[in-house]
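Hydrogens, waters and symmetry mates play no part in the numbers below; they use all other heavy atoms, side chains included. Fair warning: this is a prediction, and the values are worked out from it, not measured in the lab.
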Amino acid sequence: DVWNTTTVNWINGGSPSTYSDGSTVQFDDGVTGETQGAVVLNSTVMPTALTFENFSVEFSINGSGNISGTTGLVKKGDGPLTLATMNGYTGVTTLQGGVTSINTIANGGSSSSIGAASSSAENLLFTGGSLTYTGAASSTDRGFTLSAVDAALSTAEDLTISGEIVSTGSSNLIKEGAGDLVFSGTT
């Protein structure tokens with residue numbers, strides 16, 4: 001399905017609708033249509049809040065557009081999510097469930113699959129979900145906060161993270177994938 005402001009492919013209050021900036025957006029297993037969770041984004045959208053709560057449907061966001069504004073992104077449920085757009089949103093990315101795959105990562109303040117929030121560890125939260133980086137070897141000054149047991153960070157290529165890493169309680173991180181994962185910041 002296409003995510004834009006002209007296509008009637010949203011449900012608002014139980015009725016078919018178009019998307020409009022400033023809306024609260026939720027993607028979940030109730031999606032219908034022939035493309036199911038494959039979302040094409042070829043424009044800039046600015047939701048107020050963005051949640052993926054999927055258990056069985058695999059969601060992906062692809063295209064030349066981006067998610068912008070002050071929104072964050074919350075990933076809930078065991079189903080996978082792929083973010084393959086250069087997003088400029090500046091809110092917190094919270095990984096509560098499932099695996100979120102990204103193909104770009106950048107320094108804080110720069111657009112990437114997980115937005116353009118600052119490098120603060122408070123802007124990327126592992127609270128039950130995992131992250132897979134599928135892009136080329138890279139480095140980032142972004143930090144993150146771990147507050148879950150057995151959160152995973154997977155990378156096929158080398159990835160250096162120089163931002164602060166905060167761990168709460170008995171949380172831990174499992175490294176997966178063939179690439180080297182280097183932490184050069186404060187822990």
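Put simply, the side chain of Tyr89 does not reach to within 4.5 Å of the side chain of Thr70, judged on heavy atoms. Residues Arg142 and Ser112 meet the side-chain proximity criterion, which asks for heavy atoms closer than 4.5 Å. In this structure the side chain of Leu159 never reaches within 4.5 angstrom of the side chain of Val182, judged on heavy atoms. Proximity of Lys175 to Leu173: side-chain heavy atoms (C-beta onward) are nowhere separated by under 4.5 Å. Annotation: side chain of Leu73 is not in contact with side chain of Ile114 (no heavy-atom distance under 4.5 Å). Looking only at side-chain heavy atoms (C-beta outward), Ile165 and Phe144 come within less than 4.5 Å of each other. When side chains are defined from C-beta on, Leu125 counts as touching Val92, because their heavy atoms get closer than 4.5 Å. For the pair Val149 and Ser170, the minimum side-chain heavy-atom distance is below 4.5 Å.
Ser43 and Asn4 form no side-chain donor-acceptor contact under 3.5 Å, judged by distance and modelled atom types alone. Checking Thr85 against Asn66 by side-chain atom types alone, no donor-acceptor pair falls below 3.5 Å. Between the side chains of Ser113 and Thr104, at least one donor-acceptor pair of N or O atoms lies under 3.5 Å. Of the N and O atoms on the side chains of Thr134 and Asn103, not one donor lies less than 3.5 Å from an acceptor on the other residue.
Here the OG1-NZ distance, from Thr127 to Lys75, works out to 11.0 Å after rounding to the nearest 0.5 Å. To the nearest 0.5 Å, atoms CZ (Phe126) and OG (Ser167) are separated by 11.5 Å. The structure places OG of Ser120 at 11.0 Å from CG of Asp141, a figure rounded to the nearest 0.5 Å. Considering OG of Ser60 and CG of Leu83, their distance stands at 9.0 Å, rounded to 0.5 Å. To the nearest 0.5 Å, atom OG1 of residue Thr132 and atom CD1 of residue Ile102 are 9.0 Å apart. Taking OG1 of Thr48 as the reference point, atom CG of Asp21 lies at 8.5 Å (rounded to 0.5 Å).
Using a distance-only test at 3.5 Å, with no hydrogens or angles considered, a donor-acceptor pair links the side chain of Ser171 to the main chain of Leu146. Proximity of a side-chain donor or acceptor of Asn9 to a complementary backbone N or O of Val2 within less than 3.5 Å is detected. Ser119 places no side-chain N or O within donor-acceptor distance of the main-chain N or O of Gly108, the cut-off being under 3.5 Å. Here the side chain of Asp158 pairs no donor or acceptor atom with the backbone of Ala137 at under 3.5 angstrom. Not a single donor-acceptor pair under 3.5 Å links the side chain of Thr51 to the backbone N or O of Glu53.
The aromatic rings of Trp3 and Phe27 lie perpendicular to each other, with more than 60° between the two planes, well past the 30° mark.
Hydrophobic clustering keeps Leu131 apart from Met86 (ILVMFWY residues linked when any side-chain heavy atoms are closer than 4.5 Å, directly or through intermediates). Ile161 and Ile105 fall within a single hydrophobic cluster, where Ile, Leu, Val, Met, Phe, Trp and Tyr side chains are chained together by heavy-atom contacts under 4.5 Å. In terms of hydrophobic clustering, with Ile, Leu, Val, Met, Phe, Trp and Tyr side chains grouped at heavy-atom distances under 4.5 Å, Val57 and Val25 are assigned to a common cluster.
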Report the C-alpha distance between Asn54 and Lys76 in whole Å, list the side-chain angles of each, state the deciding distance to 0.1 Å, and finish with yes or no for side-chain hydrogen bond (donor to acceptor under 3.5 Å, both in side chains).
-> CA-CA 7 Å; Asn54 54 310; Lys76 299 178 179 182; over 6 Å; no
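Exactly one residue among Asp29, Asp78, Asp28 makes a side chain to side chain contact (heavy atoms under 4.5 Å, CB included) with Ser56. That residue is Asp29.
Here the closest heavy-atom approach between residue Phe55 and residue Gly77 is recorded as CE2-CA, 3.5 Å.
The side-chain hydrogen bond (donor to acceptor under 3.5 Å, both in side chains) search around Asp150 returns Asn172, not counting sequence neighbours.
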